[in-house]
Number of protein chains: 2
Amino acid sequence: MYNCIMYSKQLLKGSLKTIILTVLKERGRMYGYEITQHVKSITEEGLVLTEGALYPALHKLEAEGFLLAEKESIGRRVRKYYSLSEKGMEAVAEKVNEFDAFVQMMQLILHPKTSKS
Amino acid sequence: MYNCIMYSKQLLKGSLKTIILTVLKERGRMYGYEITQHVKSITEEGLVLTEGALYPALHKLEAEGFLLAEKESIGRRVRKYYSLSEKGMEAVAEKVNEFDAFVQMMQLILHPKTSKS
DNA sequence: AATTATACATAAGAATATTATGTATTGCAA
DNA sequence: TTGCAATACATAATATTCTTATGTATAATT
């Protein structure tokens, strides 16, 4: 039993796909479990992706043509590696810009003094 | 028909209550419609709160004890004014901190170079 | 007189998450 | 060698929170 940081839960909504696309752009080729470990690691347990959210999101991104998937056998186990399609490559920057723009607008509301430039 | 900025839609999830609590802390006492106009104004149409999201959120925050509500007659029309309860006052900073922490973690993922400090 | 803005509310539906469960392999420690 | 934790995938039931649509009604503008 470890202390779970609760605040990552509701806020995560809507940004999971952006996370997936970004880490895949940065690292090229990853499998689902690897993505969860990577995100957990660089946020120091701050963001913990649940499998019930991750796998459906990966499947949807693949179905929408943003991701390419290939299965690979590691010993007797099968991993599903994902990478960005061309469409996915084009979408990453846009997704990140959307997130940044959203955050800027939130700063206007949450920190009106400091963010009015 | 005006151009709606699409990216505010999905990303908004989870942050509406934080917005409501924050603007009420800043302005003291507001009614629902006023909140939508205020947010629309300071974000220059960037964030547009829909009534279908706002009113249920206000009702929930009231039911949870974060907000106090009182109806006021303006001419023949009735406004419902909201203000922070004591519990609401205590929750604002926490909510904002949660959002900021979430954004910081997202920066680690989306902008690893610049945010590693 | 008709349209837009103000002001509230709720219902149907969609999207996206949590939690729980299931299967199966691999590695490690008791 | 046995059992537990970690790895690796997947899906179903449920919850939350949003969008869109609809409804009611007053006030202001064109």
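Naming: A, B, ... by sequence-line order, numbering from 1 per chain.
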d([atom1], [X]; [atom2], [N]) in whole Å:
| X | N | atom1 | atom2 | value |
| --- | --- | --- | --- | --- |
| A:K40 | D:dT7 | NZ | C1' | 11 Å |
| A:L58 | C:dT16 | CG | C1' | 14 Å |
| A:R79 | D:dA10 | CZ | P | 14 Å |
| A:E62 | D:dA10 | CD | P | 9 Å |
| A:Q37 | D:dT7 | CD | C1' | 8 Å |
| A:I35 | D:dA8 | CD1 | P | 12 Å |
| B:Y55 | D:dC18 | OH | C1' | 16 Å |
| B:I74 | D:dA25 | CD1 | C1' | 15 Å |

Under-4.0 Å side-chain N/O to phosphate OP1/OP2 contact, [X] with [N]:
| X | N | value |
| --- | --- | --- |
| A:K80 | D:dA10 | yes |
| B:H59 | C:dC8 | no |
| A:K17 | C:dT16 | yes |
| B:K60 | D:dT16 | no |
| B:Y31 | C:dA7 | yes |
| A:R76 | C:dT25 | no |

Salt bridge (Lys or Arg N to Asp or Glu O under 4.0 Å) partner of B:E72, the single match among B:R79, B:R77, B:R29 =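 Testing each of B:R79, B:R77, B:R29 against B:E72, the sole residue satisfying salt bridge (Lys or Arg N to Asp or Glu O under 4.0 Å) is B:R29.
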Is it true that the NZ or CZ of A:K87 lies under 6.0 Å from the centre of A:F66's six-membered ring and within 45 degrees of the ring axis?
-> yes
Could you check whether B:E51 gets within reach of a base, just the sugar-phosphate, or nothing at all, counting any heavy atom under 4.0 Å?
->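 Result for B:E51 = base.
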Report which part of the nucleic acid A:G32 touches: base, sugar-phosphate, or nothing (heavy-atom distance under 4.0 Å, all strands).
-> sugar-phosphate
Please check if A:L61 and A:L68 belong to a single hydrophobic cluster, counting links between Ile, Leu, Val, Met, Phe, Trp and Tyr side chain heavy atoms closer than 4.5 Å.
-> no
Of A:E64 and B:Y82, whose nearest nucleotide on DNA chain C comes first from the 5' end?
-> B:Y82
With nearest nucleotides of DNA chain C determined for A:R77 and A:A57 from heavy-atom distances, which residue corresponds to the more 5′ nucleotide?
-> A:A57
Under 6.0 Å from the NZ atom of B:K80, do we count more than 12 heavy atoms belonging to anything else shown?
->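 More than 12 within 6.0 Å, yes.
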Which class fits the ring pair B:F99 and B:F102: parallel under 30°, tilted 30 to 60°, perpendicular over 60°?
-> tilted
